There are 2 protein chains.
Amino acid sequence: MMRLSTRGRYGTRLMLQLAQNYKNGPVLLKDIALKEDISTGYLEHLLPPLKAIGLVSATRGAHGGYTLAKPPSEISLRDIVQSLEGSLSPVECLDTPSVCSRVQRCVSRDIWKLLRDSIYQTLESKTLEDLITLQKEKSSHMYYI
Amino acid sequence: MMRLSTRGRYGTRLMLQLAQNYKNGPVLLKDIALKEDISTGYLEHLLPPLKAIGLVSATRGAHGGYTLAKPPSEISLRDIVQSLEGSLSPVECLDTPSVCSRVQRCVSRDIWKLLRDSIYQTLESKTLEDLITLQKEKSSHMYYI
DNA sequence: TACATTTCCTACTGAAATACTAAGATTAGT
DNA sequence: ACTAATCTTAGTATTTCAGTAGGAAATGTA
């Protein structure tokens, strides 16, 4: 159904929280879990991939926590979502041509490639900084919780 | 994982076959199944939604089969994929806001909306006629099966 | 050193979606 | 009647998803 999994969705919310605390020192996962209403246990699964590609760094032990490893302006939504979802290709044959013998003559595959590229482009064009800006604009227009 | 299901993929291949036989009279599902190497049993599941939105018409009984209900130029990939996948929204809350209480203040949702719109746009911009053209171009460059 | 706090890692599990298959009912032409 | 086709419903095996659980490793503090 072409739906983002919870990994991609929760992951961007997690990253937005980290972005909002950039330069405030490490943030506890526990706190993010509380604010975002997601279990810490599940959030823990999202960190390894984000660390692996250098978006997040962690400090273990007491007074530890997680920090953005780069400024919010340098982290795009594509970075986040791709690392957590594994791939943004709408079809497997774009990542692994060997899965299908029709690859060369398949025209629908060409369309899926266009689709993938437009997904890339859309998500690349938005950074965590953009989200923060959006957040601020939004809350200034909200007169209710 | 944001992957198209086989419904969307097989469905576009099915529709391309119908498009290539537009104005040749009804096509047997059996024949399409053979060409595309998909079981007729499974293809049968894809027809009801396509008929429901008026993309395909069927003739039952002997000498029956399926026909495109509109010219290939008037059927976009969005029509096909959306009808078969059910929705093209990367997140459920775009279709059904009531599933999440954070809808109003959620900035990531705004990004998913952008993403959905770019998916719409990409798929709307391609019609079955475009696929046929692409197919022709492609086969003229292929010197092997 | 002992302890508390935190990240890190692995295994497991229930639920849902996916990708089919099967079998017959219905319709239409010959 | 008979044959050829679509139509419809039910069932099932497999995979993916979402989440829990439990403990190991690291780090600061008393």
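Remember, it's a predicted structure, so these values are computed and weren't measured experimentally. Naming: A, B, ... by sequence-line order, numbering from 1 per chain.
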Quiz item: Is any side-chain N or O of B:H63 under 3.5 Å from a base N or O of D:dT6, one able to act as donor and the other as acceptor?
Solution: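 Answer is no: no donor-acceptor pair is held.
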Picking from [options], which would you name as closest to the side chain of [X]?
X: B:S5; options: C:dT7, C:dA19, D:dT20; value: C:dA19
X: A:A62; options: C:dT5, D:dA18, D:dT20; value: C:dT5
X: B:Y42; options: C:dT21, D:dT6, D:dA18; value: C:dT21
X: A:E44; options: C:dT6, D:dT6, D:dG22; value: D:dG22

Exercise. Mind checking side chain to side chain contact (heavy atoms under 4.5 Å, CB included) for A:Q17 and listing every partner two or more places apart, or none if nothing turns up?
Key: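 Side chain to side chain contact (heavy atoms under 4.5 Å, CB included) check on A:Q17 returns A:Q20, A:N21, A:I32, A:K35, A:E36.
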To the nearest angstrom, how far is [X] atom [atom1] from [N] atom [atom2]?
X: B:L46; N: D:dT6; atom1: CG; atom2: C1'; result: 14 Å
X: B:M1; N: C:dT18; atom1: CE; atom2: P; result: 14 Å
X: A:L28; N: C:dA4; atom1: CG; atom2: C1'; result: 13 Å
X: B:D31; N: D:dA5; atom1: CG; atom2: C1'; result: 11 Å
X: B:K30; N: D:dT3; atom1: NZ; atom2: P; result: 14 Å
X: A:L43; N: C:dT6; atom1: CG; atom2: C1'; result: 15 Å
X: B:L50; N: D:dT6; atom1: CG; atom2: P; result: 14 Å
X: B:Y66; N: C:dA28; atom1: OH; atom2: P; result: 14 Å

Side-chain N or O of [X] versus OP1/OP2 of [N]: is the shortest distance under 4.0 Å?
X: A:T6; N: D:dA18; result: yes
X: B:Y10; N: C:dA19; result: no
X: B:K51; N: D:dC7; result: yes
X: B:T59; N: C:dA28; result: no

Practice problem: Quantify the bending of the helix from C:dT1-D:dA30 to C:dT30-D:dA1 as the angle between its end axes, each fitted on five pairs, to 10°. | Solution: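 End axes: 10° apart.
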Quiz item: When you match A:G61 and B:V27 each to their closest nucleotide on DNA chain D, which lands nearer the 5' end?
Solution: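 Its nearest nucleotide being more 5', the pick is B:V27.
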Quiz item: Between B:K138 and A:D110, does at least one N-O distance fall below 4.0 Å, as a salt bridge requires?
Solution: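 The answer is yes: the pair qualifies as a salt bridge.
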Self-check item: Salt-bridge criterion met for A:R3 and B:D95 (N-O under 4.0 Å)
Solution: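 Looking at B:D95 together with A:R3, the answer is yes, because their closest N to O distance falls below 4.0 Å.
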Quiz item: Taking for each residue the nucleotide of DNA chain C bearing the nearest heavy atom, is the 5' side occupied by A:R60 or by B:R7?
Solution: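 The 5'-side residue here is A:R60.
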Self-check item: Toward the 5' end of DNA chain C, by each residue's nearest nucleotide, A:H45 or A:G65
Solution: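 By nearest-heavy-atom nucleotide position, the 5'-most residue is A:G65.
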Between [Y] and [X], do the side chains contain a donor N or O and an acceptor N or O under 3.5 Å apart?
X: B:D130; Y: B:T133; answer: no
X: A:E85; Y: A:S5; answer: yes
X: B:Y42; Y: B:T6; answer: yes

Practice problem: Just call it for A:L47: base, sugar-phosphate, or nothing, with non-hydrogen atoms closer than 4.0 Å on any strand. | Solution: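 No contact.
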Quiz item: How far apart are the closest heavy atoms of B:R109 and B:C93, and which atoms are they?
Solution: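 The pair with the smallest heavy-atom distance is NH2-O, 3.1 Å.
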Self-check item: Heavy-atom check, side chain of A:L18 versus side chain of A:L55, under 4.5 Å
Solution: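 A side-chain contact is absent here, since even the closest heavy-atom pair is not under 4.5 Å.
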